[in-house]
Amino acid sequence: MIMTKIFIPMVLLILTHVLKYSDSQDTINWEVQRYDGWYNNLAYHNMGSKGSKLLRLIPANYADGVYQVATDLPNPREISNTLAEGQSGSPSSRNLTVMAVYFGNHLLSEIVSTEMPACPAEFLNIDIPPGDQVFDPENKSNVVLPCQRVRWYPDTGKSPNSPRAQLNSVTAWIDGSSIYGPSHSWSDALRSFSGGKLASGPNDIFPPYAIKSLPVFRAPNPSTGERGDEGIYSFGNVMANESPFRQAQSIVWYRYHNYKANLLAAKHPDWTDEVLFQNTRKWVIAVYQRIIFYEWLPTFLSSDVKNYTGYNQHVDPGVSPEFVALITQMIYTMTPPGVYMRDKDCRFLNVTGSDNKTYPALRLCNNYWSRQNPNLKTANDIENLLLGMCSQIAEKEDRIMVSDLRDYWYGQMLYSRIDMVAASIQRGRDMGLPNYNKLSNLYNNDAENLELIPGAMLEIDGDAGSFITKIILDQFYRLRDGDRFWFENTKYKRFTEDEIADIQNMTFHDVLVAATDTMDSALQKDVFVWKTNDPCPQPTQLNSGNLEKCVPVIFTNYFEGSGVGFGFTLVFLASFPFVSLLIAWAVAQYRKKSFIRMQKLNNSPAVSKESGLKGFQATEWCGADEPLQPVFVQLHPDQVIKVVAANKSDTRRIHLKAQQAVEITHSDNAGSKTLRIRIPKEYDLVLFFNNEQDQSSFLHKLKEFFNKGGISSTVMSMREKDILKESVSKKQRQKMLETFFRHSLSHVLDINKADAGAIHKKEIAEALQCELSREEFAESLGLDPNAHFVESMFCTADQDCNGYLSFKEFCYILATLLTGPVESKLKFIFSMHDINGNGLLTKQELAEMLRSFSQLSSFLSKDQTEKAIESMFGESGLPCKPEITWEEFYTVFRQHSNILDSVTFQGSMPPLSIKKTDNIRVSFIGKRNEEDSKSKAEKDTHILESYGQELRKRAGRKREKYESSKVRQKIQQFKRLIENYRRHITCFVIFYGISAGVFTERAYYYGFASPSSGISQVTYIGLIISRGSAASISFMYSYILLTMCRNLITFLRETFLNRYIPFDAAVDFHRLIAMNALVLSHLNFQINSTGLTGILLLAVLALIHVFSTHHFRRVSFRGFWIIHHLYVVLFILTIIHGSFALIQLPRFYIYFIVPAIIFAIDKMISLSRKKTEIEVLEVKKHPSGVTSLKFQRPSDFDYKSGQWVRIACLSLGTDEYHPFTLSSAPHEDALSLHIRAVGPWTTSLRELYTSHNTAEGKYPKLFLDGPFGEGHQEWNMFDVSVLVGGGIGVTPFASILKDLVFKSSINARINCKKVYFIWVTRTQKQFEWLIDIIREVEELDKNELLSVHIYITQLTEKFDFRTAMLVTIRFSFPFLKATKILLQIH
């Protein structure tokens, strides 16, 4: 405390010097008083400051002891009618003037302001008794006058130990805050910064109109409904414009300040504006203090005040709510219904009323918030009003209130008028004022048990009474004695003794004379009292009877006439999702076109002379939606047209030997560049040339080529548009072939029509006419067209030797290989390789057969193939024979006829149901001998049996009995669902239980426990639903962040929590929360669609959710990535949206802070890794669009097999990260990924790393984030692990397999006793890159922990007769090296 007392004055001294200019240090040698009241008391810095709480004399009187108002109190309007109703026109018993009344209003605004409504809004509405003559003349019985509770101090109202305490919006000190404003910025807005004066309007008569940023009240005129800033002047008092009479008080002090500034400027011409202003302000405040305390207060209370004894820092100047209530009622009971105007010659002036009639005085009720009063246009008018106020006697001090206050006080909401007495009573209840008897006992008084305000009104009779007087004096004494800047305090030497004496001699009369052009003789010396022989007595005591009538109450329905606008608003808001969809569609189309352009660019490399390609350069049209492909067209003498892609990635051969005629069509457009070659039984070749000359040159050569080959050609021309429209593209041809295959299978096999799929007659007709070329036949099998196996099979099947397979010929192949006997199948294979057709297979032809099998299957090496041939001849007893007959060939293979007889074929189309369901698994299970096979089988069986026995011992589980009843089956399925997803269900119940709990708590609070609010009267159910949904939304949108804390999830899955929380489902749970929050947000917005932030929130939510859908994520991942980062904007808008506290105090932070901190830490961890550049060491390009990246492993990068990372390529943008599973093992020095090109980013990545620019190994670097946990990493936690993968999803298992075998090879401790790897893939091509890994794993797997099963689902591999032949060879000839790969064919 001692250090504080020393330090704070030093700070204040520095601040004081900052305020001074260098040339004013000699003129301001005193401390400048702050505008906001802070540091007036150096021990208690905020005492009496702006925003401090009201000081209670005794504990608050709330029903719950905290903030709730009792509901069993009398109706305030009935109290007003009973207590305050009466005739006006009785003069003050002490002859107090109207000037004293309105000076008291100005003084009250100086020390207290509680007009600011609470936020969030709470209402203590006033129910009007049915048939009330003013507010319910039609006896509707449903009139409610809105009365809003006032703002309270934030830290109060939470417990009985800290009941609600209202907040004072101005300083409690008498420091001129009603003149200069309660803040430095407010004061600056009032200053002219010239000559130390306050700013003036167009002339020096009035201050300027208030600017928008100045927080003065701007209530509408209840008589005319007029609004706006015009006529609202810039004052330091928020209520200064309430009426012309309060405006006149503020104008007096505004003029007096400028008057004093002119005097000081004339006396001290060297003073700067700041010096002049601060000296003037100090003087005006001192004069104001003197008038209040030593002139107005004794007159108003009819009581002497004690002399000043010095400053006491332990006195609390806080304004008490009891003081506010009592002095307000005392002032209002003396307020007259109107105010006279007179001139200097004592002539009382008539005024023009709102009805343009003449009246003796200005009517109070019709001048609230008056902007353009015709009676107050000039400075002379203001002076006449002030003179009238000095001559007019106030109303009598009693309980009676004039109707201008009781019935026609201004309202600000639905009703233009309100009862001020009833509102004051409600305000007293809001403030928790004590009962009258409780408070009066403190001052040796006694009364019945009634409320403070009604009790005080009953006591007022000719004067304030001792009870009220003591409370008011106590307040003013504390204001004076606790003020360090009081003008009589000589300790700080703000004034000299002479200056204090001059101030003591000042009166309000002197101020009025100085601030106006009024002659001294036109005013009495004491302007607060009119005495006998004072100048200009009033003509008569005013009463409401001889004044203009008050404009009655006007009810304003803010919704009336807004139906159309409301409808348009709803349509506009409802269009947000559709607009978001439109934006997403536009982005998707743009990304799609960009992707196509990128493919064109990738497929259009610059053709140079060094490329080695010859032929005619052109661009091939591949279809309406397909990218163009640069090609070279080569015309070969053997009647073959080759179409070679410019990047050498693809070659199309068109055989013309069997063709009799072709059709050539060229475009006849200006600058013709298009040419189409239509060849029967082929799809069309459509070419674009660079110019018409190239096209003509190619056409000429093409005609010569056809003539030399004896092929008839027809040349025609048509428009380019028509050529493209009629052309058959490769894609269209493939659709036709699909029908061809489907109908072929359904014809050959016994397939139900419903299972085979709908085949239209037109499609069947086209399929029957369709014939397969050798390239199409090979492509349908997924094989190389140049392979010996393909050529042999095609030539054997092509019975008419026309170079194409007809429907009949293809069906013959299917019938032979699928439904024919074993002998027919073997005969077909034998014929395929009997090149000479002599019924003999030479050793060379048999070797070619096995080599073709091995070449296409990739399971036999060259050495293995040679050994297989030798072994076959040896096992057959034919080691020395150079050739083998059909009978000998059949003898070798017929012992394995069960394998060949069970090969089935379903096709590469939608699944077909074949009645013959007996399938056999064709496997490579080679072992060195039968005993080893049996030994291994017994070992595996022993492992499984022992493990099964252990399982049976656990928890007494029994195998479920098959239930024939469908109901019981459903129950059984439900039980399995619960068992498999028990962790998910538990977390689901907990999370949504909390969501429902916060929803219910808020709904119940606003339904039954919250203070009354106006919103609840408009939409009670809507309020309950909107508040409940808002609480649930706050919880969901906050804790959704935890589902994206990847580092945290990776850490927690290593703990015991992984047994109870399904961390693998974090992303799915993220989507689920988002969808639920979206529904609740939409519900909340429909009910409570307020504010710009609400509209922006809806727009952001619409964008985020639309771009998060599966379709748009696939089409434009970058768009999804960018839009999803709007979550930052979402949370900012949510915070801003709730900060206005229209309904409740902000609560979002309660849910948001903890998840936000965790999420921020998690993000910082990722950011610390993201910006480290990683060097790519090796790149391999695999089939099926798979690219292998091998890159540097950071020194601190520790991971487990099965985990994944996020990477960004520096050349493709550092802000776009994509997740991929690591295919490397933890023991390896480098990291590797296998990435399949399926979208724009992965396609660009593949092209970037496999382009010629990176041939020297200078690959673009990567950013790496991770590793992150995944369920795959838990493979070693079980005795038997089954790894099931599909397609490219096998990458995590590559890491696991290598890790497993490595640990086994070094005898590391492994919990797993057996691992089964099952992989389902479409074609052989898709796992060619994995073959090397599997072989390596097999070589290292000495302990036989691993068993690999590969299932191929595409047509060729399901049918693959070659594979069956290889299996037969391996069963027959045990020389081959053992392998554990099982290839299953269905």
Side-chain angles (χ1 to χ4, degrees), residues 584 586-606 627 647 649 1044 1046 1107-1108 1110-1126 1163 1166-1194 1197 1204-1224 1230-1268 1288 1291 1329:
V587 172
Q589 291 299 110
Y590 172 76
R591 294 291 292 176
K592 184 177 180 180
K593 292 180 180 178
S594 300
F595 186 44
I596 293 174
R597 285 196 300 269
M598 180 184 67
Q599 286 181 320
K600 289 181 181 178
L601 183 63
N602 295 339
N603 294 329
S604 305
N647 58 8
S649 62
M1044 290 292 99
R1046 300 182 181 92
F1107 274 87
S1108 299
H1110 178 73
H1111 172 74
F1112 289 112
R1113 284 204 316 272
R1114 286 184 60 86
V1115 173
S1116 177
F1117 183 85
R1118 184 171 179 81
F1120 155 75
W1121 183 257
I1122 294 173
I1123 295 297
H1124 223 63
H1125 277 76
L1126 288 177
K1163 272 291 183 184
S1166 293
L1167 288 173
S1168 66
R1169 297 188 301 241
K1170 281 183 179 180
K1171 300 308 177 183
T1172 302
E1173 295 184 0
I1174 306 297
E1175 183 178 354
V1176 177
L1177 305 175
E1178 183 181 348
V1179 176
K1180 290 183 179 180
K1181 187 175 182 180
H1182 299 289
S1184 299
V1186 177
T1187 305
S1188 172
L1189 297 183
K1190 186 176 182 180
F1191 49 94
Q1192 181 182 0
R1193 177 176 178 173
F1197 190 89
W1204 57 279
V1205 295
R1206 297 167 65 236
I1207 65 168
C1209 179
L1210 272 64
S1211 299
L1212 299 179
T1214 59
D1215 60 339
E1216 184 173 359
Y1217 282 78
H1218 290 260
F1220 300 101
T1221 306
L1222 289 165
S1223 55
S1224 57
L1231 303 177
S1232 64
L1233 298 173
H1234 285 77
I1235 302 171
R1236 186 181 179 191
V1238 292
W1241 192 85
T1242 51
T1243 303
S1244 300
L1245 185 79
R1246 179 178 174 85
E1247 182 63 28
L1248 177 66
Y1249 280 102
T1250 58
S1251 64
H1252 296 292
N1253 296 332
T1254 58
E1256 299 179 359
K1258 296 180 180 179
Y1259 302 108
K1261 294 185 178 181
L1262 301 174
F1263 281 158
L1264 180 67
D1265 182 23
F1268 301 112
I1288 193 63
T1291 49
W1329 64 270

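Between Ser1223 and His1234, the shortest heavy-atom contact is OG-ND1, 2.8 Å. When all heavy atoms of Val1205 and Phe1268 are compared, the closest pair comes out as CA-CD1, 4.5 Å. Considering all non-hydrogen atoms of both residues, Leu1262 and Tyr1249 come closest at CD2-OH, 3.2 Å. The two residues Ala1230 and Phe1191 make their nearest non-hydrogen contact at CB-O, 3.5 Å.
To the nearest 0.5 angstrom, Ser1232 atom OG is 10.5 Å from Leu1177 atom CG. One finds the CE atom of Met1044 at 9.5 Å from the NZ atom of Lys1163 (value rounded to the nearest 0.5 Å). The CD1 atom of Ile1235 sits 10.0 Å away from the NE2 atom of His1218 when rounded to the nearest 0.5 Å.
Side-chain contact between Leu1222 and Leu1233 is present, with at least one heavy-atom pair separated by less than 4.5 Å.
Every residue meeting the side chain to side chain contact (heavy atoms under 4.5 Å, CB included) condition with Pro1194, not counting sequence neighbours, appears here in chain and number order: Ile1174, Asp1196, Phe1197, Leu1231, Leu1264. For Thr1242, there are no side chain to side chain donor-acceptor pair (under 3.5 Å) partners, not counting sequence neighbours. Leu1210 pairs by the side chain to side chain contact (heavy atoms under 4.5 Å, CB included) definition with Glu1173, Thr1214, Lys1261, Phe1263, not counting sequence neighbours. The side chain to side chain donor-acceptor pair (under 3.5 Å) check on His1124 picks up Ser1108, with sequence neighbours excluded.
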Would you sort out whether Lys1190 and Tyr1259 count as a side chain to side chain contact (heavy atoms under 4.5 Å, CB included), showing the intermediate values?
CA-CA 11 Å; Lys1190 186 176 182 180; Tyr1259 302 108; over 6 Å; no
Applying side chain to side chain contact (heavy atoms under 4.5 Å, CB included), run through Leu1212 and Leu1248 and close with a yes or a no.
CA-CA 9 Å; Leu1212 299 179; Leu1248 177 66; 4.2 Å; yes
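Not one N or O on the side chain of Arg1246 forms a donor-acceptor pair closer than 3.5 Å with the backbone of Arg1236.
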